[in-house]
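These notes concern the structure reproduced below.
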Number of protein chains: 2
Amino acid sequence: MSQSSRKILSEHSVSITNPRILVLEALLDFGNPITIDELQLKLGGSVAKSTLYRVLNDLKKINILNEFTSPDNSTVVELILEDHSHHHHLFCSDCGEVIDVELSEEFEIMLTKEIQKVQKKFNFEITDHRVEMFGLCTDECANCKKS
Amino acid sequence: MSQSSRKILSEHSVSITNPRILVLEALLDFGNPITIDELQLKLGGSVAKSTLYRVLNDLKKINILNEFTSPDNSTVVELILEDHSHHHHLFCSDCGEVIDVELSEEFEIMLTKEIQKVQKKFNFEITDHRVEMFGLCTDECANCKKS
DNA sequence: TAATAAATGAGACTTATTCTCATTTATTGT
DNA sequence: ACAATAAATGAGAATAAGTCTCATTTATTA
């Protein structure tokens, strides 16, 4: 793990520093989209707040980090490595969990066609898209209030 | 216009006050998703900041206001009135404009099927979804930096 | 129109994120 | 391996979006 975080950094010609390794390892270890709050918890003060935000920005700049806002307004961050193909997000409105979801090939093809229509109609150059789904994990989730 | 904003409020059994009328009229007048910054500009100080946020929350509570975060992290707000059917959003990464987009019926049907698959796979109850598209308005947009 | 409950304005407060600057650490060329 | 240089870091100050408080005003109702 320590190995691969260093590799990621050097492959992107970013200098290898302790905070960067720690943040990358936390993200690799969690393996799912994570809120900045949770990430800070996981790091347990080993990286200064200002440095954490700087490191996240560095990772965004080299295009291996995706940042978005969940419906409950927390900032969520996720690594996008080579093996991490195009996907979408599923949010639990109760516990805030975020899950990566891949949709079928046929669906993506159809969506691409729709997007082409939208491009023409609005004279836009569309570079990216995502599907967000919201709901409740109906299961035995320990964090859900089950209200 | 003044007429319809009052009507909207009374139809939802919300008391008719000046700030509420002003905010609703600004939203109706703009007619598109609008950032809170722009909305404040449009209101030109006629409504106190704290009141603006309270009114927006009131409108959310009666389910006629949708709020989301744009890719550049500004909060965007839009009215959802009866005639405003299911739609998605197109964002310009340069000027920040947000446009409502309807996708084809066939696409929505296929998306519904995909969502059913996701529900089963993750044991989720999915209540809502949206498609977000990002790009650049290639046209003669006065606000785009054309960098 | 008076009584009551609800809404407002002004500004204090909170919290996420960014900025500053003195110090530390990584990189590089020898 | 080492010194010089540039880059990154930590600590905390600064900023800004959004919320809260409370005294005053406004809407509703009977």
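Heavy atoms only: backbone and side chains are in, while hydrogens, waters and symmetry mates are out. All values reported here derive from a predicted model rather than from experimental measurement. Just so it is clear: chains get the letters A, B, ... in the order the sequence lines come, proteins before strands, and each one is counted from 1.
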Write down the distance between CG (B/Leu9) and P (C/dA6), rounded to a whole number of angstrom.
-> 17 Å

Output yes when at least one side-chain N/O atom of A/Tyr53 is less than 4.0 Å from OP1 or OP2 of C/dT18, else no.
-> no

Is it true that a side-chain atom of A/Arg20 and a backbone atom of A/Ser15 form a donor plus acceptor pair closer than 3.5 Å?
-> yes

How many Å lie between CG on A/Leu52 and P on C/dA16, as a whole number?
-> 12 Å

Quick one: label A/Thr17 by what it contacts on the DNA or RNA (base, sugar-phosphate, nothing), any heavy atom closer than 4.0 Å.
-> sugar-phosphate

Has the side chain of A/Gln40 got a donor or acceptor atom that lies under 3.5 Å from a matching backbone atom of A/Lys49?
-> no

Selected nucleotide, minimal atom distance to A/Val55 side chain, candidates D/dT9, C/dA26, C/dA7 | D/dT9

To the nearest Å, how far apart are A/Ile36 CD1 and C/dT17 C1'?
-> 9 Å

Is a donor-acceptor contact shorter than 3.5 angstrom present between the side chain of B/Lys49 and the base of D/dG18?
-> yes

d(CG, B/Asp72; C1', C/dT17) in whole Å | 15 Å

Tell me which of B/Thr51 and A/Val47 sits closer to the 5' end of DNA chain D, going by the nucleotide each one is nearest to.
-> A/Val47

Tell me who clusters with A/Phe91, hydrophobic residues only, linked when side chains sit under 4.5 Å apart either directly or through other members.
-> A/Phe68, A/Val76, A/Val98, A/Phe134

Examine D/dG18: is either OP1 or OP2 under 4.0 Å from a nitrogen or oxygen in the side chain of B/Thr75? Give yes or no.
-> yes

Nearest whole angstrom, please: distance from the C1' of D/dG18 to the CD of B/Gln40.
-> 10 Å

CG of B/Asp58 versus C1' of D/dG18: gap in Å, rounded?
-> 15 Å

Write down the distance between CG (B/Asn18) and P (D/dT28), rounded to a whole number of angstrom.
-> 12 Å

Per atom distances to the B/Asp37 side chain, the nearest of D/dG10, D/dA17, D/dG18 is D/dA17

Any chain of hydrophobic side-chain contacts (each under 4.5 Å) joining A/Ile80 to A/Val55?
-> no

Rounded off to whole Å, could you give me the CG-to-P distance for the A/Leu56 and C/dA16 pair?
-> 15 Å

Does A/Ser50 place a side-chain N or O at less than 4.0 Å from the phosphate oxygens OP1/OP2 of D/dG12?
-> no

Would you mind telling me which of C/dT8, C/dT27, D/dA27 lies closest to the side-chain atoms of B/Ser15?
-> D/dA27

Verify the cluster assignment for A/Leu56 and A/Ile62: are they in a single hydrophobic cluster under the rule of side-chain heavy atoms below 4.5 Å apart?
-> yes

Is the shortest side-chain N/O distance from B/Arg54 to OP1 or OP2 of C/dT8 below 4.0 Å?
-> no

